A.B. asks: 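Handing you this structure, nothing more for now.
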Amino acid sequence: LNNGKLSLSFEVFPPKTDTAFNSVKTATEEIARLNPSFMSVTYGAGGGTSQYTLDIAQNIKKQYNVPMVAHLTCVSSTKETVAERIESMKKAGIENVLALRGDLTPELEKGDRSKWAYRHAIDLIRDIKESGADFCIGGACYPEGHLESANMEEDIAHLKMKVEAGCEFLTTQMFFDNNILYSYLYKIRERGITVPIVAGIMPVTNAKQIVRSCKLSGTYLPQRFKAIVDRFGDNPKAMKEAGIAYATDQIIDLLANGVNNIHVYSMNRPEVAAAIQNNLKEIMSYQR
Ligand code: FAD
């Protein structure tokens, strides 16, 4: 990142159960064969699938030599658990970590919080740094503001602290209106946050699911996007085609405006990752 080159990367998620492991592994390998700039593997808050995150990341790195980012959350963890995870990541040869707080799921909220040692991602970043692990550390950022922060000012102030604690790059939450990102970039650059920003793009293939999650996260849905969902949302094949086209359009506009690093939330769907990559073949190889 940050050498002026364009990057196109993909995110995958680990299986939630043993039985799903092989199908997820196959899907992630198909994505790896596209030879993206890097891949990231998410982490189940609460740590239930933590070993799978590492297994998937390690497998792809070893077999396909694709640079990997392993996500790590801390929301319900003890210091000991995090220390163990960091050790396992080191042993697995992981070089890049996306350090996150994690979402408070209803199951976690019901649990016993007395042993929780972390409040924010910054605490995890500090512990990773203190552990002496030589990871390149990234963090999350929110072009529309994080739901829990009172306003954008406050959110950006916290982000600045996170970067000062050791975040070397930031990946954004999904957004569907590029102007929101441009205005956010202006604000964070103005506050002196200069690390590379990786724009997170969600190709919408399951309309109902995404509209629900956007409502929950407060993500703005432009009229052009809503019209596509209203018209094609009930037809999976048409929705997939339109979702890939919308994401492609968004990415071309970002690249044209100097946002060089694009991360596609490919949700373990190799055909979606491949279609987007194929749509950008000439554009990604065009360096100027
Ligand atoms: P933080 O940086 O801790 O921020 C959370 C809130 O706390 C913000 O409102 C912030 O302003 C505030 N805050 C931060 N620092 C302070 C402080 N010092 N004092 C007071 N307030 C503060 N979740 C998963 O479970 N697994 C994943 O793999 C995963 N991957 C993700 C990848 C990306 C790119 C993104 C954008 C999100 C991902 N998430 C994942 C979801 C993420 O865990 C949630 O959005 C979570 O609510 C916030 O995580 P964070 O790391 O941004 O938290």
Side-chain angles (χ1 to χ4, degrees), residues 1 9-16 24 28 38-54 56-57 68-77 82 85 89 94 96-109 116-128 137-176 180-181 184 187-188 191 193 195-202 213-214 216-219 261-268:
L1 298 179
S9 51
F10 296 117
E11 181 173 291
V12 295
F13 54 81
K16 290 196 175 72
V24 169
T28 58
F38 68 88
M39 283 169 69
S40 73
V41 191
T42 64
Y43 188 93
T49 57
S50 65
Q51 189 50 44
Y52 292 143
T53 297
L54 278 191
I56 300 277
M68 296 304 295
V69 177
H71 294 201
L72 179 63
T73 67
C74 58
V75 64
S76 57
S77 303
V82 165
R85 300 274 183 253
M89 288 170 120
I94 300 296
N96 311 289
V97 177
L98 197 74
L100 300 143
R101 188 195 64 185
D103 270 328
L104 285 166
T105 60
E107 296 82 61
L108 286 179
E109 298 221 53
W116 293 11
Y118 296 86
R119 286 179 63 82
H120 295 289
I122 192 171
D123 308 322
L124 174 62
I125 292 164
R126 288 183 178 136
D127 277 5
I128 296 174
I137 304 173
C141 67
Y142 302 84
E144 298 177 59
H146 186 268
L147 268 187
E148 289 165 38
S149 53
N151 52 51
M152 189 59 101
E153 281 289 309
E154 189 188 285
D155 206 28
I156 294 178
H158 294 144
L159 188 66
K160 180 123 196 268
M161 286 160 59
K162 207 153 80 167
V163 169
E164 284 165 356
C167 248
E168 294 173 63
F169 68 96
L170 296 165
T171 305
T172 75
Q173 174 68 289
M174 64 180 167
F175 55 92
F176 296 100
I180 291 175
L181 183 78
Y184 181 68
K187 285 187 198 132
I188 64 172
R191 304 299 194 290
I193 297 174
V195 295
I197 304 296
V198 182
I201 297 295
M202 173 72 82
S213 88
C214 286
L216 287 176
S217 64
T219 303
N261 305 302
I262 309 291
H263 196 53
V264 178
Y265 295 124
S266 50
M267 313 282 285
N268 299 358

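Small disclaimer: the values here were computed from a predicted structure and weren't measured. Just follow the structure's listing: the first ligand is 1, and inside any ligand the first atom is 1. Side chains are part of it too, since the values below use all heavy atoms of this structure and drop only hydrogens, waters and symmetry mates.
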A.B. asks: Is there a heavy atom of Tyr265 sitting under 4.0 angstrom from any atom of ligand 1?
C.D. replies: yes
A.B. asks: Using the salt bridge (Lys or Arg N to Asp or Glu O under 4.0 Å) criterion, which residues pair with Lys187? Sequence neighbours excluded.
C.D. replies: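 Residues passing salt bridge (Lys or Arg N to Asp or Glu O under 4.0 Å) with Lys187: none at all.
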A.B. asks: Listed by chain and number, what are the salt bridge (Lys or Arg N to Asp or Glu O under 4.0 Å) partners of Glu168, not counting sequence neighbours?
C.D. replies: none
A.B. asks: Could you measure the distance from the NE2 atom of His263 to the CE atom of Met174? Nearest 0.5 Å is fine.
C.D. replies: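 Answer rounded to 0.5 Å: 13.5 Å.
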A.B. asks: Once you restrict to heavy atoms under 4.0 Å, what part of Val75 touches ligand 1? Side chain, backbone, both or neither.
C.D. replies: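 No part of Val75 is near ligand 1 at this cut-off.
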A.B. asks: What do you reckon, does Asp103 have a nitrogen or oxygen under 3.5 Å from a nitrogen or oxygen of ligand 1?
C.D. replies: yes
A.B. asks: Should Tyr142 be listed as contacting ligand 1, given a heavy-atom distance under 4.0 Å as the test?
C.D. replies: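 It does; at least one heavy atom falls under 4.0 Å.
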A.B. asks: N/O of Glu11 under 3.5 Å from N/O of ligand 1, yes or no?
C.D. replies: no
A.B. asks: For ligand 1, is there an N or O atom under 3.5 Å from any N or O atom of Thr73?
C.D. replies: no
A.B. asks: Using distance alone, decide if ligand 1 has a nitrogen or oxygen within less than 3.5 Å of any nitrogen or oxygen in Gln173.
C.D. replies: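 Between Gln173 and ligand 1, no N or O pair is found under 3.5 Å apart.
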A.B. asks: Polar contacts were defined as any N/O atom of the residue lying under 3.5 Å from an N/O atom of the ligand; does this apply to His71 and ligand 1?
C.D. replies: yes
A.B. asks: For ligand 1, find out whether one of its N or O atoms is nearer than 3.5 Å to an N or O atom of Tyr43.
C.D. replies: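 Yes.
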A.B. asks: Are the side chain of Thr172 and the backbone N or O of Cys141 linked by a donor-acceptor pair below 3.5 Å?
C.D. replies: no
